[in-house]
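The structure appears right after this line, and notes come after that.
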Amino acid sequence: MNKPLSAYDALIYVMVMASAVDSTMNDREMERIGQLIGFLPVFRDFDDEKLISVARDCAALLAGPEGLDIVLETVKDTLPSRLYDTAYALAVEVASADLSVKAEELRLLSLLRDRLGLDKLTCAAIERSAIARFRKG
């Protein structure tokens, strides 16, 4: 992977990490990634045809030595700071997609929060909004 990442790529990396961190990338999580890319304004100019290759690049990095740390640092270095909370919100969305958040996903969220320097109140608000959105009636 020699080409520089775009902000789109970094945000997709965050979602792929959130899906893959528990060693399974289930259909519900992958479907949620596609939905988010399809309707969020931050992805307005993203070419959907690139999604698979970006996800594969991320998965390859994650599979390597110190993969998680490398991807977290890559995301931090690539994203403008104004998108840090967006990245965290995307991770929460994907982790919540299967209606259960596993310990590995919670750990990733903590690592992402710390790496991006997000404050706990902002993260708590993002997490609480996901609980409200995914609550069953």
Side-chain angles (χ1 to χ4, degrees):
M1 191 177 79
N2 295 329
K3 63 182 168 100
L5 291 184
S6 68
Y8 302 125
D9 297 340
L11 292 171
I12 291 167
Y13 275 31
V14 168
M15 293 188 289
V16 169
M17 263 191 308
S19 179
V21 74
D22 62 357
S23 300
T24 59
M25 293 179 74
N26 69 47
D27 290 341
R28 189 173 285 179
E29 291 169 335
M30 296 309 293
E31 180 181 323
R32 188 65 180 148
I33 290 171
Q35 290 169 343
L36 292 167
I37 290 170
F39 81 82
L40 288 176
V42 75
F43 291 108
R44 182 175 297 129
D45 296 324
F46 178 69
D47 178 1
D48 294 352
E49 298 295 317
K50 295 180 180 179
L51 175 58
I52 299 297
S53 67
V54 173
R56 280 190 191 133
D57 290 345
C58 179
L61 277 175
L62 287 170
E66 299 180 32
L68 183 60
D69 193 51
I70 290 169
V71 173
L72 285 167
E73 196 62 26
T74 300
V75 166
K76 181 183 179 213
D77 291 346
T78 302
L79 283 178
S81 59
R82 67 182 173 76
L83 291 178
Y84 285 178
D85 58 350
T86 302
Y88 189 83
L90 291 172
V92 169
E93 283 292 317
V94 173
S96 303
D98 57 6
L99 303 179
S100 75
V101 180
K102 297 173 185 73
E104 299 92 341
E105 293 165 325
L106 290 172
R107 178 72 181 134
L108 172 67
L109 292 174
S110 176
L111 290 170
L112 185 60
R113 180 190 71 225
D114 293 345
R115 187 66 58 107
L116 299 180
L118 294 169
D119 67 273
K120 290 182 181 185
L121 287 178
T122 297
C123 294
I126 291 169
E127 293 161 11
R128 187 67 187 146
S129 68
I131 291 169
R133 278 190 310 282
F134 286 97
R135 182 176 291 133
K136 291 184 178 182

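Here the OG atom belonging to Ser6 is positioned 11.0 Å from the CG atom belonging to Asp45, to the nearest 0.5 angstrom. The line from CD of Glu104 to CG of Leu68 is 11.5 Å long, rounded to the nearest 0.5 Å. Atom CG of Leu79 is separated from atom OG1 of Thr74 by 10.5 Å, given to the nearest 0.5 angstrom. In this structure, CZ in Arg107 is found 5.0 Å from OG in Ser110, a value given to the nearest 0.5 Å.
Residues Cys58 and Val71 are in side-chain contact: their nearest non-hydrogen atoms beyond the backbone lie under 4.5 Å apart. Side-chain contact between Tyr13 and Asp57 is present, with at least one heavy-atom pair separated by less than 4.5 Å. Annotation: side chain of Ser53 is not in contact with side chain of Arg56 (no heavy-atom distance under 4.5 Å).
Applying the side chain to side chain contact (heavy atoms under 4.5 Å, CB included) test to Val94 and every residue at least two apart in sequence or in another chain returns Met15, Ala18, Ser19, Glu29, Ile33, Leu36. Lys102 pairs by the salt bridge (charged side-chain N to carboxylate O under 4.0 Å, His left out) definition with Asp22, Asp98, not counting sequence neighbours. Ala55 is linked by a side chain to side chain contact (heavy atoms under 4.5 Å, CB included) to Val16, counting only residues two or more places apart in sequence or in another chain.
Contact between Ala7 and Leu83 at its shortest, heavy atoms only, is CB-CD1, 4.2 Å. Pairing each heavy atom of Met17 with each of Leu62, the nearest pair is CG-CD2, 3.7 Å. In terms of heavy-atom proximity, Pro4 sits nearest to Asp9 at O-OD2, 4.4 Å.
The side-chain contact (heavy atoms from CB on, under 4.5 Å) test with Ile12 is passed by exactly one of Leu5, Ile37, Val75: Ile37.
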Discussion item. Working note: Thr122 + Arg113, criterion side chain to side chain contact (heavy atoms under 4.5 Å, CB included); need CA distance, chi angles, decisive distance, verdict.
Written reply: CA-CA 10 Å; Thr122 297; Arg113 180 190 71 225; over 6 Å; no
Acceptor/donor pairs from residues 84-92 side chains to any protein atom, 3.5 angstrom cut, sequence neighbours excluded:
unit_1	atom_1	unit_2	atom_2	d
Tyr84	OH	Lys76	O	3.2
Tyr88	OH	Glu127	OE2	2.3

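Pairs of residues two or more places apart, or lying in two chains, that qualify as ring-ring contact (aromatic ring centres under 6.0 Å, His included) and include a residue from residues 43-72 are Tyr8-Phe46.
In the hydrophobic clustering, Leu106 connects to Val101, either directly or through intervening members, whenever side-chain heavy atoms lie under 4.5 Å apart.
Ile131 and Leu118 are not part of a single hydrophobic cluster, where members link through side-chain heavy atoms under 4.5 Å apart.
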